[in-house]
S.K.: 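After the structure tokens below, expect a handful of questions from me.
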Amino acid sequence: MDEMIPIVTEIPALQVHASSVTRHEGMLYALVESVGGQRHLAIEAPVHSAKLVEFDGDSQVVDERILLLSPLNAKNARLLRERLTWLRPAVHGLRAGVGLGDRLGLATPGHLRAMHEVKGRLVPFVAQQSIREMNRTGRTPQEVLDDAMWGVFAEGWRAGFGADADHLKTQQDIDQCLAVGYTFYTFDPSEYVDNMAENLSASALLTRMDELPWEQLEDIPAAVAVRYLAAPVCCEEYTINFDELTLMRAMFKYGRAIAQVMQLYRHLAQVGAGREWEVEISVDETETPTTPAEHVYIATELRRLGVEWVSLAPHFVGRFEKGVDYIGDVETFENDIAVHAAIARTLGPYKLGLHTGSDKFSIYEAAARQTRGMVHLKTAGTSYLEALRTIAVLDPELLRSVYTCAREHYEVDRASYHVSARLDRAPLPSSLSDAALPSLLEQFDAREILHVTFGTILTRRTVNGHRVFYERLMALLRTHSDAYAANLQAHFLRHLQPFVQWETH
């Protein structure tokens, strides 16, 4: 079979993704598209091949071989992963990583083409979506992982990838993602962080000491005092000092969150026994920055409780808003992340998570330099915005309609995001010519408005049940997949290049 021309390449009605063609154990696998744009998994095998029978699809016999055209469904994805090990997500430890959120399930080829240009020196987490985002887009953990896998297959990417079950808050969230094979679990205990602790006096904090979940923390106040007040904590050239007020504020701000992370971790350790997985801890979605002392407290207490993790995302100084550059003083940010990176190297080592990380071009070099490449950059909605940029050129009227709807729903949809866009500062849909519509993706307010309203846009239905925007968006992006991939490739190269020289693991 290896010496023969694949049957599938001789069928005029099928376009073969050449980079996907794979021969393995006497069978040939490829991703193909029909004239109408429908994608299939094509499999060729000798007649009577038992392995072929397991796959769904329609078959025909040609020259003593069987050609099976299979739908890209969950069953066929699972079977393909069983045979081609490079299609399985893996754990990657302290290697620098980049989360590549994809709300449409079409972005992986563009993401991986950017990764090719930097020679795969960062690990791509091509499957990454929070449960919140899945609920808003109507997708499941299975669909997110499978869509990413088909993209990996189409591009012939064999350098490894991760799958991030992002911003998990409950044990049920963990169970859903473990069942389909995620390998990276981001625990988000933000609902248990007490942001009011910073405003309480020492006496007020002291009177509330019994409110902390001491039993869950497996601790007593006297033992905490011994751990932190006896001596300062030295992390490379930085000395972190605790006094009673600093310690109590750290305890009240993060104590319940630490107990929640511990419960999630122990649940994952139990249900995930015998599997490979790794953990990230996210405390970035809070109202105030994580101080160095609070970082030391979080890391020390989690270690004491037996939690192991490869990445931790503090809330850094400045503002990290969705889809726009860093808001704040870059030098101040660099000084802040320098201390956090020293803590991570001393108390770990572990990576620092740079969450809400897309489009923060002004701070990437500082983040890469201070972490020395032990960093996990997380992006999500920027790939959706690149889809809209593509649509703006292909179908200006569709983009204008999307933007009009986004403006109408922005004030409601922004509720769960840290954004500062204002409708009165964003251009009116009627003020822009078709040729000027792509400029919406460069204007601060319009960009954030489009970013946070993705759920409304992707799930809005007509009276007969059709998803009015989603179906048109997907059809155009599938038909013009190379245009979308090219926009993603250029955009993500800007994200990746500052980190490449610091990739050390």
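Only this structure's heavy atoms are used, side chains among them; waters, hydrogens and symmetry mates stay out. FYI, the numbering just counts along the sequence from 1.
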S.K.: So, S190 side chain and T286 main chain: donor-acceptor pair closer than 3.5 Å or not?
M.R.: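 Side chain of S190 to backbone of T286, a donor-acceptor pair under 3.5 Å: no, none is there.
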
S.K.: Under 4.0 Å between a Lys/Arg side-chain N and an Asp/Glu carboxylate O for K253 and E287?
M.R.: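 Not counted as a salt bridge, because no side-chain N and carboxylate O are separated by less than 4.0 Å.
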
S.K.: Using a 4.5 Å cut-off on heavy atoms from C-beta on, say whether the side chain of L264 contacts that of L168.
M.R.: no

S.K.: Is the shortest side-chain heavy-atom distance between L388 and L473 below 4.5 Å?
M.R.: yes

S.K.: Pairing donors with acceptors under 3.5 angstrom, does anything connect the side chains of H376 and S311?
M.R.: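 Result is no, nothing qualifies.
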
S.K.: Does a side chain donor of either R158 or T22 reach within less than 3.5 Å of an acceptor in the other side chain?
M.R.: yes

S.K.: Scan residues 145-157 for pairs that pass side-chain hydrogen bond (donor to acceptor under 3.5 Å, both in side chains), counting only residues two or more places apart or in two chains.
M.R.: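 Every side-chain hydrogen bond (donor to acceptor under 3.5 Å, both in side chains) pair that includes a residue of residues 145-157, provided the two are not neighbours, is R81-D146, R113-E155, R139-D147, Q142-D146.
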
S.K.: Before we go on, tell me: are the rings of H495 and Y364 under 6.0 Å apart, centre to centre?
M.R.: yes

S.K.: Can you tell me if K360 uses its side chain to pair, donor with acceptor, with the backbone of V324 under 3.5 Å?
M.R.: yes

S.K.: Within a strict 4.5 Å, meaning less than it, do heavy atoms of the Q129 and D166 side chains meet?
M.R.: no

S.K.: Side chains of V261 and Y254: does their closest heavy-atom pair fall under 4.5 Å?
M.R.: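 No, every pair of side-chain atoms sits at 4.5 Å or beyond.
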
S.K.: Taking the side chain from Q38 and the backbone from P71, do they hold a donor-acceptor pair closer than 3.5 Å?
M.R.: no

S.K.: Does the side chain of D413 pick up a donor-acceptor pair with the side chain of T453 at under 3.5 Å?
M.R.: no

S.K.: My understanding is that only residues two or more places apart in sequence, or in another chain, count here; which of them pass salt bridge (Lys or Arg N to Asp or Glu O under 4.0 Å) with D284?
M.R.: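 Listed in chain order: nothing, the list is empty.
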
S.K.: Mind checking whether Y238 and P292 have side chains closer than 4.5 Å, heavy atoms only?
M.R.: no

S.K.: Under 3.5 Å, is there a donor on one side chain and an acceptor on the other for T170 and D173?
M.R.: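 Yes, side-chain donor-acceptor contact under 3.5 Å.
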
S.K.: Using modelled atom types only, decide if a donor and an acceptor are shared between the side chain of D336 and the backbone of V317 within a distance under 3.5 Å.
M.R.: yes

S.K.: Closest heavy-atom contact between P232 and T239?
M.R.: CB-CG2, 3.6 Å

S.K.: Going by heavy atoms in the side chains, are P498 and R369 under 4.5 Å from each other?
M.R.: no

S.K.: What class does the angle between the rings of H295 and Y350 fall in, given that below 30° is parallel, 30 to 60° is tilted and above 60° is perpendicular?
M.R.: tilted

S.K.: Are H24 and Y29 near enough that their ring centres are under 6.0 Å apart?
M.R.: no

S.K.: Is it true that a side-chain atom of Y417 and a backbone atom of E448 form a donor plus acceptor pair closer than 3.5 Å?
M.R.: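 Flag not set: sc Y417 to bb E448 has no pair under 3.5 Å.
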
S.K.: Just by distance, do the side chain of E334 and the backbone of Q370 share a donor-acceptor pair under 3.5 Å?
M.R.: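 No; zero donor-acceptor contacts below 3.5 Å.
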
S.K.: T379 side chain to G99 main-chain N or O, any donor-acceptor pair under 3.5 Å?
M.R.: yes

S.K.: My understanding is that only residues two or more places apart in sequence, or in another chain, count here; which of them pass salt bridge (Lys or Arg N to Asp or Glu O under 4.0 Å) with E33?
M.R.: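 In terms of salt bridge (Lys or Arg N to Asp or Glu O under 4.0 Å), with neighbours along the sequence ignored, E33 is linked to no residue.
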
S.K.: So which atom in G353 and which in F316 form the shortest heavy-atom distance, rounded to 0.1 Å?
M.R.: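 In terms of heavy atoms, the two residues are closest at O-CE1, 3.6 Å.
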
S.K.: Identify the heavy atoms of R407 and P427 that sit nearest to each other, and give their distance.
M.R.: NH1-O, 3.4 Å

S.K.: Identify each donor-acceptor pair in which a side-chain atom of residues 482-489 lies under 3.5 Å from a protein atom, sequence neighbours left out, and give them as a table.
M.R.:
residue	atom	partner	partner atom	Å
Y484	OH	S383	O	2.9
N487	ND2	T390	OG1	2.9
Q489	NE2	E117	OE2	2.4

S.K.: Among all residues two or more places apart in sequence or in another chain, which pass the ring-ring contact (aromatic ring centres under 6.0 Å, His included) test with H167?
M.R.: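 Applying ring-ring contact (aromatic ring centres under 6.0 Å, His included) to H167 gives H355.
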
S.K.: Please find the pair of heavy atoms, one from L106 and one from L477, that lie closest to each other, and give the distance.
M.R.: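 Shortest heavy-atom contact: CD1-CB, 3.8 Å.
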
S.K.: Keeping the roles fixed (side chain from T183, backbone from A90), state whether a donor-acceptor pair exists under 3.5 Å.
M.R.: yes

S.K.: Using a distance-only test with no angle check, is there a side-chain donor-acceptor pair under 3.5 angstrom linking T137 and Y470?
M.R.: no

S.K.: Does either side chain, that of H491 or that of R389, offer a donor lying less than 3.5 Å from an acceptor on the other one?
M.R.: no

S.K.: Any salt bridge between R136 and E133, counting N to O under 4.0 Å?
M.R.: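 Judged by the 4.0 Å cut-off on N to carboxylate O distance, R136 and E133 do not form a salt bridge.
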
S.K.: Please report the closest heavy-atom contact between Y403 and A426, naming both atoms and the distance.
M.R.: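 That would be OH-CB, 3.4 Å.
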
S.K.: Find the distance between CD (Q128) and CG (L145) and round it off to the nearest 0.5 Å.
M.R.: 13.0 Å

S.K.: Would R88 and T85 satisfy side chain to side chain contact (heavy atoms under 4.5 Å, CB included), going step by step from the backbone distance to the final call?
M.R.: CA-CA 6 Å; R88 303 173 195 168; T85 58; 3.6 Å; yes

S.K.: Between I327 and F444, is there a side-chain heavy-atom distance shorter than 4.5 Å?
M.R.: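 The answer is yes; the side chains approach within 4.5 Å.
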
S.K.: Does the pair R132/E285 count as a salt bridge with the N-to-O cut at 4.0 Å?
M.R.: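 Between E285 and R132 there is a salt bridge, with a charged N closer than 4.0 Å to a carboxylate O.
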
S.K.: Is the backbone of W309 close enough, under 3.5 Å, to the side chain of Y265 for a donor and an acceptor to pair up by distance?
M.R.: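 Such a contact is absent between Y265 side chain and W309 backbone.
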
S.K.: A side-chain contact here means heavy atoms from C-beta on lying under 4.5 Å apart; do L398 and L476 qualify?
M.R.: yes

S.K.: Under the side chain to side chain contact (heavy atoms under 4.5 Å, CB included) test, which residues partner V123, sequence neighbours left out?
M.R.: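 Applying side chain to side chain contact (heavy atoms under 4.5 Å, CB included) to V123 gives H92, R95, F125.
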
S.K.: Dump the intermediate steps for side chain to side chain donor-acceptor pair (under 3.5 Å) on K378 and S282, then the final yes or no.
M.R.: CA-CA 11 Å; K378 190 165 290 193; S282 168; over 6 Å; no

S.K.: Hey, is the main chain of A446 close enough, under 3.5 Å, to the side chain of Q443 for a donor-acceptor pair?
M.R.: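 Side chain of Q443 to backbone of A446, a donor-acceptor pair under 3.5 Å: yes, one is there.
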
